[in-house]
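Written out below as structure tokens is the structure these notes cover.
What you see is a predicted model; the values in this text were computed from it and never measured. To find a chain, count down the sequence lines: A is the first, B the second, and so on, and within it residues start at 1.
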Amino acid sequence: MTLRIHDTLRRKKVVFEPLDPDHVRFYVCGPTVYDFAHIGNARPVVVFDVLARLLRHLYPRVTYVRNITDVEDKINDRAKQLGEDIRSLTERTARQFHEDMAALGALPPDIEPRATEHITEMIAIISALIANGHAYEADGHVLFDVPSMPDYGRLSGHSREELVAGARVEVAPYKQDPADFVLWKPSTPDLPGWESPWGRGRPGWHIECSAMSIKYLGRTFDIHGGGQDLIFPHHENEIAQSRCAHPDAGFAKYWMHNGYLMAEGEKMSKSLGNFYTVHELLEEFPGRGEAIRLVLLQTHYRQPLDFTKDGIVQAKATLDRFYLALREAAGIAAAAFEAPDVMAALSDDLNTPLAISHLHEALGALNKAATDKEKAAAKGRLLAGGALLGLVQQDPEAWLRGAAEASDTGDAGIESLIAQRNEARKSKDFETADRIRDDLSKAGIVLEDKPDGTTVWRRA
RNA sequence: GGUCCGGUGGCAGAGUGGUCAUGCGGAGGCCUGCAAAGCCUUUUACGUCGGUUCGAUUCCGGCCCGGACCUCCA
């Protein structure tokens, strides 16, 4: 099946042709670990998780690298503010990130390198840039010489002149050109630093991704992804550094970027207080990470997405329908199925909303299936399509029962009340039966009487 | 100022030059002791003004509205 992806560099959908059809390599910019991941950090993780799943179906071998940036001035500032050791802050934040992303059903990348473990590689690239005449040392800093690269700005579509003209930030006096950016900067004794040919210092923002992508994927690899906000300056500068250090190589062949996120109809911002972290959403919706994942995949990855809590509630209800049908079919073995419809949707630039509509079609087929054979086929179709999206793979009973909340009586208490109610139903005491059901309903428990006299339940 | 993206039915959200998105919600029905779930039927769209065309929501242009980026926010 032909995979088409939108390439930021060419600004259109193109056919994906791997450099090596036996081994696809891609890199996604990971988090800078100084704070909880917010929902905007989660979008690229979930989107590129789907890409990884798809690529693994299409190609024999895939290497997916996502870094952790654990040296950065925001980390230093946060550590100082908290009075916490830098290492402790980055470790703690990275661990939390892993937990949160796992809750969203994102599989870990194949390699997750850390910036602080690749200082040597960064220094090597910077040295090569100086040797090539693309970087210079000034006032303890090493800067990339932007005018030395004629096609700088291709990815973002900004010319150097535009960037200089639009600059909002004061230009540091040691820069030869206002567009030049820092590769290496000096560190004071209280800040993290490493010995280098230019004295004790620390890396600039962009160099770590160049160093780590090249180390694990080679000087030329297939796909580089990230959020749209990284196009400039981060990815633009990554390209500049990487290609000028290795003029013979191409760096990333395709660039993919996910769209922005809003929250509750407004631009996410800390001042508006609508900056949802994944952690707090999981606290409010315990065990419902998959609903958050569904919200993120219900909108095409390049479209702007307005993230709302109501959206999570809706997505949870949608997943209930899927798991309700799967619970009904629990005794039926799923037939092997390849989900060509979901595959086709995803192969067209990750059209996850269309793919999800095919999941709904499979759900309809499962609900309408009259025979076990039809049920097995529909269930197989649903699960196979869901696997590509990382959806509907949980145990239906576990999902539907959810996590017990403080307000309810717990699973055993619920079972006991249901038994009481069924006794009442048998003796036609519907008043008592309905009272028990109403009480449970108020506690968020929904009952469903089956034709054979049994009753199943779920947490709303 | 420059560059770029988007505006689809009550809501969410795909897609297409001329029969259907899909889901939620609403209405009616079947089923049920009543519900719940499921099934069936049904309801309403393509910002605006022009152009191209036999025909445009889909292509082109203007305008309006919203958003993003222009040196370190995914």
Do A:Asp180 and A:Tyr136 pass the side-chain contact (heavy atoms from CB on, under 4.5 Å) test, and can you show the C-alpha distance, the side-chain angles, and the key distance before you say yes or no?
-> CA-CA 10 Å; A:Asp180 293 350; A:Tyr136 59 93; 2.6 Å; yes

Pair [X] + [Y], salt bridge at N-O below 4.0 Å:
X        : Y        : answer
A:Glu423 : A:Arg421 : no
A:Glu374 : A:Lys379 : no
A:Lys80  : A:Asp77  : no
A:Lys185 : A:Asp73  : yes
A:Asp449 : A:Arg425 : yes

Is there a donor-acceptor contact under 3.5 Å from the side chain of A:Ser347 to the main chain of A:Met343?
->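 Indeed, once roles are kept as given, a pair shorter than 3.5 Å links the two residues.
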
In whole Å, I'd like the distance from the [atom1] atom of [X] to the [atom2] atom of [N].
X        : N     : atom1 : atom2 : answer
A:Gln241 : B:U71 : CD    : C1'   : 13 Å
A:Asp341 : B:C20 : CG    : P     : 20 Å
A:Asp348 : B:G13 : CG    : C1'   : 16 Å
A:Met262 : B:C69 : CE    : C1'   : 16 Å
A:Ile231 : B:U71 : CD1   : P     : 15 Å
A:Leu155 : B:C4  : CG    : C1'   : 12 Å
A:Lys442 : B:A35 : NZ    : P     : 18 Å
A:His235 : B:A68 : NE2   : P     : 20 Å

Atom [atom1], compared across [N] and [M]: separation rounded to whole Å:
N     : M     : atom1 : result
B:A68 : B:A12 : C1'   : 22 Å
B:A27 : B:C65 : C1'   : 34 Å
B:U42 : B:G47 : C1'   : 28 Å
B:U43 : B:G1  : P     : 47 Å
B:G10 : B:C46 : P     : 10 Å
B:C49 : B:C64 : P     : 15 Å
B:A56 : B:A45 : C1'   : 14 Å
B:G2  : B:G13 : C1'   : 32 Å

Within the 4.0 Å heavy-atom criterion, would you say [X] contacts the bases, only the backbone, or no part of the nucleic acid?
X        : value
A:Asp180 : base
A:Leu359 : nothing
A:Lys450 : nothing
A:Arg437 : base
A:Gly226 : sugar-phosphate
A:Arg421 : base
A:Phe232 : sugar-phosphate
A:Glu236 : nothing

Let me have RNA chain B in dot-bracket notation, would you? Count Watson-Crick plus G-U wobble pairs, both distances under 3.5 Å, and use [ ] for pairs crossing earlier ones and | for inter-strand partners.
-> (((((((..(((.....[...)))((((((.......))))))...(((((..]....))))))))))))....

Check whether any side-chain N or O of [X] sits under 4.0 Å from OP1 or OP2 of [N], and answer yes or no.
X        : N     : result
A:Asn258 : B:A74 : no
A:Asn41  : B:A74 : yes
A:Arg425 : B:C34 : no
A:Lys74  : B:C73 : yes

Base of B:G67 and ring of A:Tyr260 stacked, centres under 5.5 Å, planes under 30° =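 A:Tyr260 vs B:G67: stacking no.
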
Given [options], the nucleotide with the shortest approach to the side chain of [X]:
X        : options             : answer
A:Pro233 : B:G13, B:C72, B:A37 : B:C72
A:Leu230 : B:A74, B:A37, B:C34 : B:A74
A:Glu448 : B:A36, B:A74, B:G33 : B:A36
A:Asn351 : B:A37, B:A14, B:G33 : B:A14
A:His158 : B:C39, B:C69, B:A36 : B:C69
A:Asp449 : B:A35, B:A74, B:A14 : B:A35
A:Val446 : B:G13, B:U71, B:A36 : B:A36

A:Thr90 OG1 to A:Glu72 CD distance, which is reported to the nearest 0.5 Å =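 Atom-to-atom, A:Thr90:OG1 and A:Glu72:CD are 12.5 Å apart.
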
Donor-acceptor pair present, [X] side chain and [N] base, under 3.5 Å:
X        : N     : result
A:Arg302 : B:C5  : no
A:Arg43  : B:A74 : no
A:Asp229 : B:C72 : no

Side chains of A:Ser441 and A:Asp438, donor plus acceptor under 3.5 Å |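 No, no side-chain donor-acceptor pair sits under 3.5 Å.
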
Do A:Trp184 and A:His141 have ring centroids that are under 6.0 Å from one another?
->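 No, too far apart.
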
When the aromatic ring centroids of A:His38 and A:Tyr276 are compared, is their separation below 6.0 Å?
->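 So the answer is no for these two rings.
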
For A:Gly40 and for A:Thr299, find the nucleotide of RNA chain B with the closest heavy atom, then tell me which residue's nucleotide is more 5'.
->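 Result: A:Thr299.
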
Nearest-nucleotide 5' precedence on RNA chain B, A:Arg458 against A:Gly204 =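 Nearer the 5' end of the strand: A:Arg458.
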
N/O donor to acceptor pairs below 3.5 angstrom from side-chain atoms of residues 353-360 of chain A, sequence neighbours left out:
unit_1, atom_1, unit_2, atom_2, d
A:Ser357, OG, A:Leu354, O, 2.7
A:His358, ND1, A:Glu361, OE1, 3.3

So which of A:Asp349, A:Asp7, A:Asp348 actually passes salt bridge (Lys or Arg N to Asp or Glu O under 4.0 Å) with A:Lys13?
->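 Testing A:Lys13 for a salt bridge (Lys or Arg N to Asp or Glu O under 4.0 Å) against A:Asp349, A:Asp7, A:Asp348 leaves exactly one candidate, A:Asp348.
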
Enumerate all atom pairs, one protein N or O and one N or O from nucleotides 21-23 of chain B, separated by less than 3.5 Å.
unit_1, atom_1, unit_2, atom_2, d
B:G23, O3', A:Arg321, NH1, 3.2

